[in-house]
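Input: a single structure, listed below in C-alpha cells.
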Amino acid sequence: MSAGLFGLLDDVSALARLAAASVDDIGAAAGRATAKAAGVVVDDTAVTPQYVHGIAAERELPIIKRIAIGSLRNKLLFILPAALLLSQFVPWLLTPILMIGATYLCYEGAEKVWGRIRGHDDHAVPTTAVGADAEKQMAAGAIRTDFILSAEIMVIALNEVADEKFWPRLIILAVVAVVITVAVYGVVGLIVKMDDIGLSLAGRTSKFAQRIGRGLVAFMPKLLSALSAIGTVAMLWVGGHILLVGTDDVGWHAPYGLVHHAEEFVHHAVQGVGGVLAWLVNTAASAVIGLVVGAVVVAIVHVLLRRIAHRSADTERHH
C-alpha cells in the first residue's frame, strides 16, 4: 500500500514538473511573440491617447476602459479563432496575410509623414465638439482602429509560434492578447492622467511638488508629440521588416540578401558595437522600405480618391 502511495506521489511529482516546464515554455514563447509585435504595440500606445483629447477629465479613464474591453474582445473572440484556424488548416497563407497587414502599416506610416509635411496632421475630433453621442461613437471608432492593429499584433505573434502544437499555441496567443492589452491601455491610462497628476501636484504647498507638477504639465504635450513620431517610425519599421522577410519567404531573395550582407559587413567591420550597428542597419533599411512602399500606396489611394471625387462631381452635374 505504502509503495503504491509513494509511486503515485512520484508520478504526481513528475507530472507537476512537466506542467511547470510547459508553463515555463509557454511563458518564454509568449514573451518572444510579444517582443516581435513590439513595434505595432508602440503604435497602438501612441495612437490611443488622441481619442480622449479634449474630453472631460472624469470621462477619460471610463472611455479608455471601454476601448480596452473592446480591444480584448476583438483579440479573443474574433482575431484569435480566425488566426488559429488559419494556422491549423492553411498555414501557407500566414506570410501573404502578414505582408498585406504590413503594407497597411506602411501606408498608415507614410500617410502620417505626408500629413506632417503638408502641415495637416490628423487628430481625433474632441468629443465635446460633436454632441452627446460622441463618446460612444468615438469609442467605437477607436475599437475599429484597434482591430486592425490587434490583428497585426496577433498574426505577428502567431507567426512566431506557428511550430507549436494547437493547445500551447492557443494558450500562448491568449496570454499575448491579455498582456498586450493590459500593457497598452495601462500605459495609455497613465499618459492621459499625467497632466491631472501634474495639476494636482502644482496646487500643493510643497515647492518641490509644485515644481514636479509644473514640469509634468509642460512635459505632456512634448511626450504626446514624441509618441506620435515614435509610433510613425515604428509602423514603417515593422511594416518594412515584415515585407523584407516576407519577400524572402515567398522566393524573392534579393532585397533580404542585400540587407543581410550589409548587416554582416557592419557586424564584422566594427568591433564591440558591431551587433548594435548591424541591428541599426536592418532597422534603417526596413524603415526605408516601409516608407517607399507606403508612399507608393498613398499615391495610388490619393489618385483613386481624386478620380472617385471627379466622377461623383460629373454625375451630380449631369443630374
For this session: State the CD1-CG distance between I79 and L86, to the nearest 0.5 angstrom.
Result: 13.0 Å
For this session: Rounded to the nearest 0.5 Å, what's the gap from CD on E108 to CG on L236? Could you check?
Result: 10.5 Å
Problem set entry | Closest approach of M154 to L80 (non-hydrogen atoms, all atoms of both residues) | CE-CD1, 4.1 Å
Exercise. With the 4.5 Å side-chain cut-off for hydrophobic clustering, are V90 and L173 part of the same group?
Worked result: yes
For this session: Please check if atom CZ in F166 has more than 12 non-hydrogen atoms from other residues, nucleotides or ligands closer than 6.0 Å.
Result: yes
Exercise. Are V297 and Y104 close enough that some pair of their side-chain heavy atoms sits under 4.5 Å apart?
Worked result: no
Exercise. Among the clusters formed by ILVMFWY side chains lying less than 4.5 Å apart, do I197 and V217 turn up in the same one?
Worked result: no
Exercise. So, for A177 and L76, which heavy atoms are closest and what is the spacing to 0.1 Å?
Worked result: CB-CD2, 3.8 Å
Problem set entry | Over all atoms of both residues, closest heavy-atom pair of G290 and C106 | O-CB, 3.3 Å
Problem set entry | Aromatic ring pairing Y256/H260, orientation class (parallel under 30°, perpendicular over 60°, tilted between) | parallel
Problem set entry | Rounded distance [0.5 Å steps], CZ in F219 versus CD1 in I212 | 12.0 Å
Problem set entry | Beyond-backbone contact of L94 with L98, side-chain heavy atoms, under 4.5 angstrom | no
Seminar exercise, completed: All heavy atoms of K75 vs all of S71, minimum pair found to be NZ-OG, 2.6 Å
For this session: Answer whether the closest heavy-atom distance between the side chains of T247 and M99 falls below 4.5 Å.
Result: yes
For this session: Using modelled atom types only, decide if a donor and an acceptor are shared between the side chain of S87 and the backbone of A83 within a distance under 3.5 Å.
Result: yes
Problem set entry | Hydrophobic cluster identity match, V288 and W279, side-chain contacts under 4.5 Å | no
For this session: State whether the side chain of S286 and the backbone N or O of N282 hold a donor-acceptor pair below 3.5 Å, judged by distance alone.
Result: yes
Problem set entry | Nearest non-hydrogen partners of G294 and A110, listed with the distance | C-CB, 3.3 Å
For this session: Working to the nearest 0.5 Å, report the span between CZ of R211 and CG of L201.
Result: 12.0 Å
Problem set entry | Pairwise distance OG(S150) to CD1(I143) - rounded to 0.5 angstrom | 10.0 Å
For this session: Report yes if some heavy atom in the side chain of T95 is under 4.5 Å from a heavy atom in the side chain of V245; otherwise report no.
Result: no
Exercise. Shared ILVMFWY cluster between V176 and F78, side chains joined below 4.5 angstrom?
Worked result: yes
Exercise. Is the closest side-chain heavy-atom distance between R116 and V113 below 4.5 Å?
Worked result: no
Exercise. Have E263 and H267 got a donor and an acceptor in their side chains that come within less than 3.5 Å?
Worked result: no
Exercise. Looking at V182, V187, I180, T181, which one forms a side-chain contact (heavy atoms from CB on, under 4.5 Å) with V184?
Worked result: I180
Exercise. Considering residues at least two apart in sequence or located in another chain, which fulfil the side chain to side chain contact (heavy atoms under 4.5 Å, CB included) criterion with F89?
Worked result: L85
For this session: Would you kindly confirm whether V303 and V298 end up in one hydrophobic cluster when ILVMFWY residues are joined by side chain heavy atoms under 4.5 Å apart?
Result: no
Problem set entry | Distance, nearest 0.5 Å, that separates CZ of R306 from CG of L304 | 10.5 Å
Exercise. Taking only residues two or more places apart in sequence, or in another chain, which ones meet L277 in a side chain to side chain contact (heavy atoms under 4.5 Å, CB included)?
Worked result: V266, V270, V273, L280
